[in-house]
J.: 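The structure that follows is given in the form of structure tokens.
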Amino acid sequence: MKTPLFLYNSYSRTKEAFKPLDKKNVRMYVCGPTVYDRAHIGNARPVLVFDILFRLLRYLYKEHNVTYVRNITDIDDKINAKAIKRGVNIEKVTEATIELFHKDMDFLGALRPNHEPRATEYVSEMIDMISKLISLSFAYPTEDGHVFFEVATFSDYGRLSNKNLSELKEGVRIENENAKKNPLDFVLWKPSNLEEPGWESPWGRGRPGWHIECSAMAKDILGDQFDIHGGGIDLIFPHHENEIAQSTCSNNMKKFANFWLHNGFLKIEGEKMSKSLNNFLTVYDLIKRDFSGPAIRFNMLATHYRQPLDWKFERLVEAEKTLIKWNNKFEPKNQTVLPMQILNALLDDLNTPQSIYEMHQLFNNEKFDDLSNACRFFGFSSKDIKDGISIPPDISEKIDKLVEKRNNARLAKNFSLADEIREDLLRAGIIIKDSGQETTWESGQKLEIKKLKKL
RNA sequence: GGCGACGUGGCGGAGUGGUUACGCAGCGGACUGCAAAUCCGUGGACACCGGUUCGAAUCCGGUCGUCGCCUCCA
């Protein structure tokens with residue numbers, strides 16, 4: 001490859017040329033959702049950011065040479081709380097939430113990862129890993145059924161998040177203070193009471209701490225070492241730091257992930273997204289408000305993935321308009337070949353805003369072939385995602401007749417009838433365009449075939 | 001307190017040493033029965049103060065401001 005892919009590696013805090021460990025087996029792991037509630041747009045950001053990276057890797061290294069793993073955390077105290085509150089077992093909560101997660105992410109046009117392992121399927125692997133860490137003296141069990149990782153045994157602890165142990169001690173929380181050798185030691189296993197879900201282990205009935213699942217699943221599916229580990233920037237500490245510690249120490253001190261990628265946070269209308277401020281937006285909220293999947297993608301990718309992103313509805317409306325403009329020039333027949341300018345933008349640390357700029361250029365220069373290919377790659381084509389949204393021929397004829405009727409009305413200066421037809425079509429998602437003597441029509445983003453049939 | 005990010009025109013948003021990024025909105029015009037869409041044209045920017053340089057929005061130092069992490073979190 002002539003131009004390498006450059007990615008910002010949080011571990012080195014620099015942009016580095018990406019070189020896979022094995023070109024025939026490029027491996028990426030991304031931290032997925034904890035399934036206790038419907039996905040919010042903050043959850044959607046890493047999904048969409050790493051979806052683009054996944055697509056790019058497949059483009060560069062061929063589809064069958066790339067493996068993308070995104071876990072599902074289905075063991076968690078928030079899940080337990082919800083299950084208890086509803087009087088059901090945790091599977092009821094998690095299964096329903098996973099189904100909705102898939103539905104929402106499919107709507108956004110995100111490709112499914114190759115693997116979506118669940119914590120509940122990996123408890124024995126986690127127990128194995130914890131046992132190994134104990135036998136190697138990186139971890140210690142306590143009398144009350146906890147197992148802790150001893151951070152002082154891992155000299156690189158804090159390297160990813162650029163923290164040092166003595167500073168960290170200052171603000172650490174005091175939970176389990178007595179049982180821990182060091183307040184920073186984190187839990188690998190904890191005992192469950194009878195209400196809580198639990199698994200038998202050498203340390204009694206209990207459940208894993210949440211960091212260990214990623215280490216166990218990544219090892220099982222991707223091996224001790226792999227290329228890219230991603231997630232939201234808030235996961236750097238402690239989650240990813242702890243993953244590095246667990247995995248490195250249980251895998252003969254082999255380096256864990258080569259590249260660490262983190263997407264920035266999301267605000268809504270200038271405020272931090274939080275339930276207490278009541279500005280907590282789910283993907284489903286956007287769907288209900290009739291925004292299209294491509295427009296949500298566009299809005300998410302219009303800001304570079306490492307920058308903070310302020311979610312504003314007016315931007316979403318703008319994205320919708322831009323995509324209608326582009327999609328009306330969509331040429332469906334081409335292969336997905338990325339125009340050079342856009343590929344180059346992506347190769348520079350996934351510069352998606354630059355890519356969008358290039359797409360505007362393609363539009364302005366009437367390079368609709370290239371624009372269509374780019375839209376297909378980015379998932380910006382509504383026609384591509386919702387297969388068969390194109391207008392059936394009988395409907396198309398009907399529209400032609402209505403347009404003709406309207407033009408006759410206009411010639412007869414019956415403008416109220418003409419305007420009525422125009423309004424009816426617009427409500428069904430058809431935009432009428434008069435230019436000179438000619439009248440053409442295009443489909444808008446929200447085409448409603450049912451309404452069209454009734455006209 | 002520690003670590004880090006950021007501050008670009010009305011809004012959004014790249015760029016990071018030497019030509020207008022660009023999009024949306026605005027303004028002017030064309031077209032139209034009126035609109036919409038489209039097309040043409042157009043103004044407007046790099047938080048502040050110093051320094052380096054022939055030249056800085058871009059590098060260095062400082063000031064101010066915003067935000068994040070350090071606790072579950074994408």
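Just so we're on the same page: letters track the sequence lines, and every chain starts at 1.
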J.: Flag the pair A/E95 and A/R118 as a salt bridge only when some basic side-chain nitrogen lies within less than 4.0 angstrom of an acidic carboxylate oxygen.
T.: yes
J.: What residues, two or more places apart in sequence or in another chain, satisfy side chain to side chain contact (heavy atoms under 4.5 Å, CB included) together with A/A412?
T.: none
J.: Scan nucleotides 23-26 of chain B against the protein and return all N/O pairs shorter than 3.5 Å with their distances rounded to 0.1 Å.
T.:
from: B/G23; atom 1: OP1; to: A/N364; atom 2: ND2; distance (Å): 3.4
from: B/C24; atom 1: OP1; to: A/K325; atom 2: NZ; distance (Å): 3.4
from: B/C24; atom 1: O4'; to: A/E318; atom 2: OE2; distance (Å): 3.3
from: B/A25; atom 1: OP1; to: A/K321; atom 2: NZ; distance (Å): 3.0

J.: Quick one: is A/R13 getting a side-chain N or O under 4.0 Å of the B/A5 phosphate, OP1 or OP2?
T.: no
J.: To the nearest Å, give me how far apart NE2 (A/H239) and P (B/C69) are.
T.: 16 Å
J.: Could you tell me how far B/C31 sits from B/A36 if I compare only their P atoms? Round to whole Å.
T.: 15 Å
J.: Which nucleotide wins on minimum distance to the side chain of A/R406, given the candidates B/A74, B/C34, B/G15?
T.: B/C34
J.: What's the closest nucleotide to the A/F363 side chain, out of B/C39, B/C22, B/A14?
T.: B/C39
J.: If you compare every side-chain N and O of A/T34 against the phosphate oxygens of B/A74 (OP1, OP2), does one of them come in below 4.0 Å?
T.: yes
J.: Of the nucleotides B/C11, B/A14, B/A74, which has the atom closest to the A/E314 side chain?
T.: B/C11
J.: Can a cation-pi geometry be assigned to A/K181 and A/F148, taking NZ or CZ under 6.0 Å from the six-membered ring centre and within 45° of the ring axis?
T.: no
J.: Taking the C1' atom in each of B/C54 and B/A5, what is the distance between them to the nearest angstrom?
T.: 34 Å
J.: Verify salt bridge (Lys or Arg N to Asp or Glu O under 4.0 Å) between A/D77 and A/K82, making sure each step is shown before the conclusion.
T.: CA-CA 9 Å; A/D77 286 350; A/K82 195 159 187 174; over 6 Å; no
J.: Side chain of A/F237: nearest nucleotide among B/G33, B/C70, B/A14?
T.: B/C70
J.: Closest to the A/K163 side chain: B/A35, B/C70, B/C22?
T.: B/C70
J.: Say we look at B/C34 and B/C24: how far apart would their C1' atoms be, to the nearest angstrom?
T.: 25 Å
J.: Would you say B/C3 has OP1 or OP2 under 4.0 Å from some side-chain N or O of A/N162?
T.: no
J.: Between B/A37, B/C72, B/A74, spot the one nearest the side chain of A/K433, thanks.
T.: B/A37
J.: What nucleic acid atoms does A/K312 come within less than 4.0 Å of, heavy atoms only: base, sugar-phosphate, or nothing?
T.: sugar-phosphate
J.: Nearest heavy atom decides the nucleotide; on that basis, is A/Y8 or A/G42 closer to the 5' end of RNA chain B?
T.: A/Y8
J.: Using atom C1' of each nucleotide, how far apart are B/C48 and B/C6 to the nearest Å?
T.: 16 Å
J.: Per the ring pair (Phe, Tyr, Trp, His ring centres under 6.0 Å) rule, which among A/Y68, A/F259, A/Y29 passes with A/H229?
T.: A/Y29
J.: For B/A36, take OP1 and OP2 only and decide whether either is under 4.0 Å from a side-chain N or O of A/W441.
T.: no
J.: According to a 3.5 Å limit on both distances, what stems of 3 or more consecutive Watson-Crick or G-U pairs are formed with RNA chain B?
T.: B:1-7 with B:64-70, B:10-12 with B:22-24, B:26-30 with B:38-42, B:47-51 with B:59-63
J.: Please compare A/D348 and A/G32 by the position of their nearest nucleotide in RNA chain B and report the one closer to 5'.
T.: A/D348
J.: Who pairs with A/R422 by side chain to side chain contact (heavy atoms under 4.5 Å, CB included), at least two apart in sequence or on another chain?
T.: A/R406, A/D419, A/I432
J.: Can you identify which nucleotide, out of B/G33, B/A14, B/A74, has its nearest atom closest to the A/L266 side chain?
T.: B/A74
J.: Answer yes or no: does atom CD of A/E99 have more than 12 heavy-atom neighbours from other residues, nucleotides or ligands under 6.0 Å?
T.: no
J.: Sequence neighbours left out, what pairs pass salt bridge (charged side-chain N to carboxylate O under 4.0 Å, His left out) with at least one residue falling in residues 306-316 of chain A?
T.: A/R306-A/D349
J.: Is A/F265 stacked on the base of B/A74, with ring centres under 5.5 Å apart and planes under 30° apart?
T.: yes
J.: Taking only residues two or more places apart in sequence or in another chain, which ones pass side chain to side chain contact (heavy atoms under 4.5 Å, CB included) with A/K85?
T.: none
J.: Starting the side chain at C-beta, find the nucleotide from B/G33, B/G12, B/A14 nearest to A/P353.
T.: B/A14
J.: Between B/G15 and B/A30, how far apart are the P atoms? Round to whole Å, please.
T.: 40 Å
J.: Less than 4.0 angstrom from a charged side-chain N to a carboxylate O is my criterion; do A/D37 and A/K78 meet it?
T.: no
J.: Report yes or no: is there a donor-acceptor pair, N or O only, under 3.5 Å between the side chain of A/D434 and the base of B/A35?
T.: yes
J.: Between B/G51 and B/G55, how far apart are the C1' atoms? Round to whole Å, please.
T.: 15 Å
J.: Answer yes or no: is there an ion pair linking A/D285 with A/R38, defined by an N-O contact shorter than 4.0 Å?
T.: no
